[in-house]
Amino acid sequence: MVLPVVLSVIVDRKWYVVLSARDVGLAYGKTVALAGASVTVAEGSVVALIGASGSGKSSLLYCLAGLLTPDTGEIRFDGVLLNGLSEDDRSDLRRKDFGFVFQFAELVPELTLRQNIALPLELNRWRRSARKQRVDELLEQLDIHQQADRRPVQVSGGQAQRAAVARAIAHRPRMLFADEPTGALDSVNGAIVLESLLQLAKVNRTSVVLVTHDRAIARRADEVVEMRDGRMVGSE
Amino acid sequence: MTLRLAFRLVRGGGVAGFLRLALVVFGIAIGMTAGTLVAVMPGVLHGRAEVMNARMPSPPVENGHANFAFSTSTDVWDGQRLGRTFLADVRSSTVTAPGVTRLPNAGEVVVSPALAARLPHEPDLAVLVPGRVVGTVQPAGLLSPDELFAYVGVERDRMADAHNGASFGSRDSLALEKQQAGLTQSLALLVLPPVVIYLVVCGRLAAATRLRRYAALRLLGMRRGLVLRTAFLESSVAGLIGGFIGIVLFRLAHPALASSGLLGFSWYPDKSGFTPVSIGFLTVFVGIASGFVGAAGLRRSLDRPIDARKDTSEVRPRPWLLLPLVFGLGSTTYLLLAVRRPAGAGVHYAMPGTMTWVAIGSVVITVLGVLVSLKPILAAVAQMMARPSFPLPVRMAGARLALQTGVTLRLLVGLALLVLVAGVSAGVLRDLELRSSPSGTNYSVDIEGSSAPNPVVRQEVFELPARFRWTVQSSVLPEPGAVQTTDVVEQAKVSGYRLVSMSCSGLRKLFRQAYPDCRDGRWYRMASRSIANTAYEVPAGAAFNYDRGDGTQQSVTVPAERLVVPDDSPFPVQAYGGLFYAHEGPAWAWTTDSYSSFLIDPDPAELSRFKVRVAALSPATQVRVWGEDLDLLELARNQRGVIGFGVLIGFLVAILAFGIATVDNAVERRRDVAVLLVVGMRKRLIRLTQIMQLLAALVVVLLVAAAAGYLAGNVALRLNDVNRPWYAGTLDAMMPLAGASVIVAVCAGSFVAVRRLRSEDLKRE
């Protein structure tokens with residue numbers, strides 16, 4: 001009973017902490033968003049950040065992703081201190097190792113779904129044939145191949161969000177950050193998007209940090225971190 | 001209620017809302033300043049024309065007595081108009097000209113302040129205005145502060161060809177105003193379209209945000225009319241403030257602008273007839289117009305508020321929109337390549353009447369064609385750029401351009417119009433220049449016998465240094481009412497059979513021919529090559545009478561011996577031929593019906609020196625330069641100034657609109673840019689994409705407009721002479737505009753709205 005669990009942990013490297021935050025503090029003017037938040041993300045695991053609106057979960061997510069620079073504390077990815085990286089280095093990190101899914105799809109409006117999904121691959125200089133193969137594969141897996149050549153405004157919210165998931169995972173990032181990925185969808189579409197996201201992350205051995213206030217969604221995570229007033233108040 | 005809501009919406013827009021308001025106010029202020037300049041122009045020109053008329057001497061009424069004798073002269077000095085009114089025998093101290101307290105007596109001058117300032121330092125100019133300065137002309141008698149104008153008092157016997165005058169003030173139509181009427185149109189054409197586009201651009205800044213905001217209000221249940229009124233008020237308040245600031249800016253800039261001469265002429269700002277009523281009217285008009293512009297774009301928000309909250313794609317432009325441009329360019333090219341001077345026509349051959357209308361129609365169609373075809377052309381270019389084989393920034397730029405063809409075009413249409421107008425104007429100006437200035441290898445100058453006061457002065461004038469000189473006298477004309485005839489001799493008598501006097505050595509040098517039979521002191525008949533030995537030449541043996549200058553006439557029989565001169569000779573012997581007397585000076589005496597001709601080196605300074613030498617001998621003597629049309633020259637100068645200034649202002653306004661709208665677009669795309677940054681795109685690449693999008697659109701628009709402007713400009717140039725060579729100055733005029741536009745596009749495109757990612761860039765409201 002214990003051995004298979006240990007083995008799976010060793011094979012999945014779930015013991016390896018790929019991302020960590022320690023005592024992270026962030027304020028917007030006089031409003032304190034994070035007050036000494038700490039969290040660790042093991043490789044291949046799914047961590048859900050839950051809490052009420054304004055609890056600081058999105059702020060923590062953006063700090064973990066290197067989008068915002070915390071005022072205090074430190075964030076390390078693969079042992080490298082994110083706070084110390086230049087803007088260009090952080091861009092490179094996001095391009096190669098990170099993927100993002102937002103509450104609204106946030107696709108580039110002038111590009112088709114296919115082009116949106118191919119965008120990170122192009123930025124990472126994938127060859128055209130490999131790019132095409134990968135995009136076709138994702139379009140098929142997410143069941144949006146029929147909408148591939150439409151622009152975001154021409155497809156439904158669920159289809160756009162699936163394309164956003166494909167774009168986030170296309171370049172096989174090591175980390176996937178998802179900010180309320182199903183928040184703007186109905187329950188059916190929400191379930192499809194969540195399932196696709198977790199499935200693809202698992203296949204690609206991608207760690208996931210997921211912001212949600214839906215406990216049902218949070219239960220799908222390996223670890224749930226609850227936040228209140230910019231602090232961790234519990235973990236399960 | 002609506003006003004309060006409008007204010008609350010502006011306040012609720014935060015920094016971006018206030019920034020938008022500031023841009024709108026600023027934009028309207030600049031537009032208002034430029035527009036006001038156009039609005040005052042008719043008043044300015046009318047004021048100038050009134051002064052021109054008021055200072056024109058008028059003859060005495062029938063049986064009335066003359067108060068003075070006068071003659072007027074208009075010249076060009078140092079590229080500027082020099083007006084002189086010579087006065088003699090001033091008998092009444094009560095008669096004065098406008099702006100003058102006392103008319104000058106002989107040996108005195110009353111001059112404009114600008115002339116007074118130059119006279120002490122420019123001795124040559126002082127020769128043209130001889131006499132002691134006894135007063136200055138006040139603004140009431142001047143067109144502008146920098147005008148060179150003088151009333152010159154002379155002795156009656158030094159003023160030939162004088163007229164009697166009773167007072168000043170002509171009731172003629174305002175000729176100057178008519179002549180300069182085109183200036184206002186030119187300025188309006190150049191400045192107003194960019195100003196209107198600019199105001200529309202400014203009035204619709206942050207359009208997407210506004211649309212969503214008003215759509216939200218409509219969704220909340222607010223009535224259509226109330227939303228419309230709120231939007232109207234929001235924009236009209238900005239318009240009123242901007243309009244007021246614009247008027248203040250204009251009032252501050254007007255004096256400097258009026259005296260700068262930037263428009264090719266200057267004026268007195270207080271003579272522009274711009275009253276507080278017109279100021280108030282303009283401000284209110286701009287306020288109301290801004291309100292309408294602000295409310296006009298809200299139709300979609302009001303009728304389909306849900307759709308308004310989504311981005312929609314543009315309608316793909318129709319390819320047939322290219323047809324007018326193809327037709328316009330085709331017809332202008334045909335006119336330029338196919339219309340040639342027919343054999344036997346004069347050296348300068350104007351386009352025939354029908355062809356002129358075809359040419360004007362072609363130019364109009366070309367201009368319209370450019371405007372309607374830019375959208376399909378731009379869309380095609382965008383699609384081409386978006387092909388998979390191109391690098392990512394080019395494809396993204398193409399995709400963005402394809403999505404925003406209409407929006408991008410709205411920003412650039414002002415520039416396209418300016419480039420087109422600059423091209424056509426360059427052709428028109430070149431035409432005016434060629435028509436108003438002498439052409440050829442020498443200046444050809446005539447001095448009429450009636451213009452010099454006496455034979456002694458005429459002899460002195462004749463001896464002035466020149467490359468060549470000769471005299472021309474006409475045969476005595478028959479009494480009016482002579483019977484029309486087909487006989488060439490009779491026709492020559494009616495028209496006047498010309499007698500040319502010149503030494504044989506002068507003749508040989510002039511035409512670089514031997515003329516071995518020419519002997520000084522002998523008579524010849526003379527004919528141009530094309531009429532010699534034809535039925536058009538007066539035959540030998542015919543006799544003509546000439547005035548000897550002593551009250552008697554001399555009959556001269558046309559001799560058999562002939563001298564042939566080239567067809568383009570400066571001698572008036574192209575019709576019927578003429579007599580040639582090989583002698584330096586007149587055949588008998590300096591008569592009033594004869595004139596002296598001179599050829600002078602083709603150097604403007606040499607021509608000025610010649611005029612000064614003539615003036616030194618006789619200040620009131622008129623010097624006529626062939627091919628020099630002073631009115632046309634003045635008009636060309638004014639048009640050049642107006643067009644140059646108009647293009648500059650129009651360009652500044654258009655480029656400002658382009659820059660502001662580009663930055664506004666970048667601000668509105670802030671969220672898209674944030675997403676690109678999130679997926680790891682570097683700012684360099686985003687900048688490159690933005691710049692490529694703008695440059696691609698700009699290059700396409702400028703190329704199409706420049707090509708059309710080049711062809712249309714050359715058509716305009718050839719209206720008055722189809723044989724004129726291709727003129728590249730039309731392109732030269734566009735180059736600075738194109739260069740500056742590219743610089744602005746690169747600068748504006750480099751603006752990335754997201755300097756550093758912030759939490760609000762990643763979240764939606």
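Each chain gets a letter, A, B and so on, in the order its sequence line appears, and its residues count up from 1.
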Side chain B:Arg400, main chain A:Glu110, donor-acceptor under 3.5 Å: no
Considering all heavy atoms of both residues, which atom of B:Ala399 and which atom of A:Leu111 are nearest to each other, and what is their separation? CB-CD2, 4.0 Å
Of the non-hydrogen atoms in B:Met396 and A:Val108, which two are nearest, and what is the gap between them? CE-CG1, 4.2 Å
Does A:Gln133 have more than 12 heavy atoms from other residues, nucleotides or ligands lying within 6.0 Å of its CD? no
If you draw a 6.0 Å radius around CZ in A:Arg76, do more than 12 non-hydrogen atoms from other residues or ligands fall strictly inside? yes
Is the shortest side-chain heavy-atom distance between B:Val678 and A:Glu106 below 4.5 Å? no
Ordered numerically, the heavy-atom neighbours of chain B under 4.5 Å found in residues 114-126 of chain A are A:Leu119, A:Glu122, A:Leu123
Against chain B, residues from residues 80-89 of chain A with at least one heavy atom under 4.5 Å, in numeric order, are A:Asp88
Can you list every ring pair (Phe, Tyr, Trp, His ring centres under 6.0 Å) pair that touches residues 70-91 of chain A, not counting sequence neighbours? A:Phe77-A:Phe98
Against chain A, label B:Leu401 side chain, backbone, both or neither, depending on which of its atoms sit under 4.5 Å from a heavy atom there. neither
Could you tell me which portion of A:Arg90 (side chain, backbone, both or neither) has an atom closer than 4.5 angstrom to a non-hydrogen atom of chain B? neither
Scan residues 673-699 of chain B for pairs that pass side chain to side chain donor-acceptor pair (under 3.5 Å), counting only residues two or more places apart or in two chains. A:Asp92-B:Arg682, B:Gln404-B:Gln693
From CZ (A:Phe104) to CZ (B:Arg671), nearest 0.5 Å: 8.0 Å
Rounded to the nearest 0.5 angstrom, the CG-OG distance for B:Leu685 and A:Ser91 is 10.5 Å
